[in-house]
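Below is one structure, written out as structure tokens; comments come after it.
Letters A, B, ... mirror the listed sequences (proteins, then strands); counts begin at 1.
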Amino acid sequence: MTAVLDASGLGKRYRRRWALSDCTLSIPPGRVAGLVGPNGAGKTTLLHLAVGLLTPTAGTITVLGGRPAASPQQLARVGFVAQETPTYAALSVADHLQLGARLNPGWDSKLADSRIEQLGLDPGQRAGKLSGGQRAQLALTLAVAKRPELLILDEPVASLDPLARREFLQSLMEFVAGHEASVVLSSHLVADLERVCDYLIVLAAARVQLAGEVDDLLATHHRLTGPRRDPATLPAGQQVIEASHTDRQSTMIVRTSEPIHDPAWTVEQLSMEDLVLAYMAAGATVGRRPALEVQR
Amino acid sequence: MTWLTWRQFRAQAWVAMAALAALAVTLAVTGPHLATLYRTTRRGDFLNLTQAGSYHVLSLIGAFVVLAVPGLIGLFWGAPLVSRELEAGTLRLAWNQSITRTRWLAIKLGIIGLAAMAAAGLFSLMVTWWSSPIDHANESLLGPAVFGERGIVPIGYAAFAFALGVTAGLLIRRTVPAMATTVAAFVAARVAVTLWVRPHLLAPVRVLSVITQGNLNTYTQHANGPLGGPITVAVGVNSPGAWIVSEQTINGGGHVVASIPQVAACAGNRGATPPCFTRLAQLGYRQLVAYQPASRFWAFQWDETAIFLALALLLAGFCFWWIRRHVS
């Protein structure tokens with residue numbers, strides 16, 4: 001099957017500054033992919049390239065096998081919820097549904113209406129009067145009711161309170177479960193993604209630091225704690241992502257596909273948050289480290 | 001997309017329709033009486049009546065409305081069209097529906113552009129109809145003061161102002177600065193065309209005539225000493241309602257002079273008398289007048305409308321080119 005998002009050497013420059021550089025990435029279909037990184041890491045740039053709001057300065061990107069926003073057909077296949085979930089303040093909720101129905105040939109009005117009803121939104125209410133959570137839900141409704149094969153969301157929950165955040169992610173997952181769509185979702189908070197993602201991309205300093213299936217990534221990364229030791233003396237198969245030392249003790253996060261037998265180490269599982277933080281820190285210090293891909 | 005365009009535009013459309021209706025009622029109520037007055041009064045009396053009082057005020061209001069409408073369209077319909085959506089981020093919503101941004105822009109520009117032209121055309125039609133008695137009495141429609149407020153040329157202005165506003169919004173990306181730029185650029189374009197383009201659209205008619213009491217418009221004698229001083233004169237042409245584009249004094253040697261040097265026959269209180277004019281004719285002084293006859297009004301209207309429509313199309317083409325590359 002074609003990758004939902006396939007980027008090769010992708011880069012975007014704004015005047016002098018590269019917002020995204022040398023991005024090579026292939027997200028398999030059927031995943032909920034989380035795109036994490038600090039603010040300004042290039043997440044929005046990557047997603048805007050994917051929906052065709054930006055054109056690349058370097059490299060290529062294809063989404064569901066097609067050039068982003070090249071045709072109405074391509075636009076119909078991708079749903080997008082932009083950052084801060086913009087809606088037309090002067091238009092009512094019903095107007096927004098009307099807009100979706102008229103501009104999307106594949107519009108699922110049953111889905112849209114039932115979502116609005118379920119959310120308890122008043123169709124006559126102007127979007128400008130909705131709360132942040134309600135507005136995000138309205139934007140999500142517009143994006144899902146066009147029945148896209150791929151749904152792209154740019155920090156959809158960033159401005160929401162914890163409850164609205166949970167509800168939003170819940171309704172996102174309901175849609176994914178019911179309609180077998182792929183999702184790419186960005187956030188600067190790992191906690192948002194931990195519950196929903198099965199694929200992870202870490203973006204820092206305009207580069208992809210890590211990309212792969214969450215299960216694989218968690219299975220191949222370990223935290224080792226033991227007597228102080230130089231990271232260079234580790235076996236060849238163990239790649240050090242992060243190391244910290246006290247006088248007597250070393251703590252390292254390593255990546256290896258082989259089991260760790262050295263009895264001197266206490267081996268711990270990493271959480272997704274630990275993993276992301278390790279790569280974000282590595283990206284911030286090394287800056288220009290090459291992108292890593294999971295070997296499968 | 002047509003629906004969305006109308007849904008977003010309808011408030012502005014209602015304002016325009018209300019203004020059209022208000023002006024239509026005012027002019028429809030007063031227009032027939034003005035026409036009757038024109039038929040039943042002597043020309044001089046009619047002009048006196050319409051150069052003061054309520055008809056004068058109404059004619060000024062009408063002229064002002066037709067003058068202002070294209071600018072207001074650029075300001076309130078053109079400039080915010082893209083910039084407001086850029087500011088609110090709603091373009092990211094609109095451009096991710098199953099419709100390409102080129103089509104989005106084409107429909108927006110098409111519908112609102114046509115509405116702009118229709119509105120300006122209707123305003124101008126009403127004012128042109130209402131003022132026709134006054135315009136007939138004045139015989140002059142080509143003068144810069146009325147030309148732009150009559151006929152079809154406001155349609156061209158409106159199309160241009162709208163396209164200019166959209167372009168400014170697209171480039172500047174902020175509504176208020178885009179509005180300011182639109183107004184400034186529109187006024188500049190109107191003034192430039194009026195001063196430097198319109199007089200040359202058609203080759204003016206040139207006549208060389210001696211100065212007589214009959215054709216004299218102005219006569220100025222500078223530094224009136226015992227022998228008189230330099231004289232400047234301006235004459236009219238035998239063509240009612242003509243728009244005089246330029247006028248020069250030619251001396252006996254066939255050269256253009258800025259003024260006529262002192263002539264004894266015109267010195268003191270003998271200035272601007274038949275003997276003075278006879279002497280000037282003997283010395284060979286002639287006035288070279290270049291003018292546009294009033295009959296060319298519609299030719300000028302079509303030409304200038306075409307110019308502004310062409311500029312509007314150029315700007316629209318630029319918007320399409322820009323939107324594919326530079327906007328997000």
Side-chain angles (χ1 to χ4, degrees), chain A residues 12 14 19 44-45 47-55 57 68-92 94-96 98-107 127-128 135 138-140 142-143 145-148 150-154, chain B residues 1-16 76-77 79-112 169-176 319-328:
Chain A
K12 178 69 190 174
Y14 297 110
T44 296
T45 301
L47 297 185
H48 279 189
L49 287 164
V51 295
L53 284 174
L54 291 174
T55 46
T57 314
S71 64
Q73 293 75 27
Q74 175 74 18
L75 283 160
R77 297 171 75 194
V78 181
F80 180 56
V81 176
Q83 199 163 11
E84 281 141 22
T85 58
T87 52
Y88 290 103
L91 265 57
S92 69
D95 285 335
H96 279 85
Q98 179 85 272
L99 177 164
R102 288 180 185 261
L103 295 185
N104 297 287
W107 184 255
R135 216 180 54 227
L138 176 59
L140 178 63
L142 273 178
K146 73 190 253 195
R147 296 297 300 274
L150 169 65
L151 190 57
I152 297 180
L153 303 100
D154 189 5
Chain B
M1 189 59 217
T2 314
W3 175 83
L4 177 63
T5 305
W6 166 245
R7 179 64 189 79
Q8 293 184 276
F9 176 60
R10 70 181 185 193
Q12 289 122 299
W14 285 123
V15 170
F76 292 110
W77 295 6
L81 188 77
V82 179
S83 61
R84 200 180 43 207
E85 298 225 18
L86 276 168
E87 277 180 336
T90 46
L91 274 187
R92 288 178 283 153
L93 176 71
W95 290 357
N96 276 287
Q97 308 305 313
S98 309
I99 175 170
T100 58
R101 64 180 77 167
T102 313
R103 199 167 139 71
W104 178 89
L105 183 66
I107 293 173
K108 287 252 170 188
L109 284 184
I111 291 178
I112 304 177
L170 201 54
L171 295 181
I172 299 171
R173 307 172 69 100
R174 305 192 56 81
T175 307
V176 174
C319 289
F320 281 107
W321 176 79
W322 186 265
I323 212 168
R324 273 192 228 164
R325 276 159 192 79
H326 292 95
V327 181
S328 77

Problem - Residues of residues 105-112 of chain B within contact distance of chain A, non-hydrogen under 4.5 Å - result: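 Checking residues 105-112 of chain B against chain A gives no residue, so none.
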Measuring heavy-atom distances to chain B, does [X] have an atom under 4.5 Å in its side chain, in its backbone, in both, or in neither?
X: A:Gln74; value: neither
X: A:Ser71; value: backbone
X: A:Gln73; value: neither
X: A:Asp95; value: both

What distance separates [X] [atom1] from [Y] [atom2], expressed to the nearest 0.5 Å?
X: A:Leu103; Y: B:Trp3; atom1: CG; atom2: CH2; result: 8.5 Å
X: A:Asn104; Y: B:Ser98; atom1: CG; atom2: OG; result: 3.5 Å
X: B:Leu4; Y: A:Leu91; atom1: CG; atom2: CG; result: 7.0 Å
X: B:Leu93; Y: A:His96; atom1: CG; atom2: NE2; result: 6.0 Å
X: B:Arg92; Y: A:Glu84; atom1: CZ; atom2: CD; result: 6.5 Å

Exercise for the section: Heavy atoms only, distances under 4.5 angstrom: which of B:Met1, B:Arg7, B:Arg103 has the most pairs with chain A? Name it, please. Expected result: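 That would be B:Arg7.
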Can you name the residues that form a side chain to side chain donor-acceptor pair (under 3.5 Å) with [X], not counting sequence neighbours?
X: B:Glu85; value: A:Tyr88, B:Gln8, B:Thr90
X: B:Gln12; value: none
X: B:Asn96; value: none

Practice task
Just do the side chain to side chain contact (heavy atoms under 4.5 Å, CB included) check on B:Thr100 and A:Leu75 with the steps written out, would you?
Solution key: CA-CA 8 Å; B:Thr100 58; A:Leu75 283 160; 4.3 Å; yes
Practice task
For B:Arg324 and A:Thr55, run side chain to side chain contact (heavy atoms under 4.5 Å, CB included): C-alpha distance rounded to whole Å, both residues' side-chain angles, the deciding distance at 0.1 Å, then the answer.
Solution key: CA-CA 9 Å; B:Arg324 273 192 228 164; A:Thr55 46; over 6 Å; no
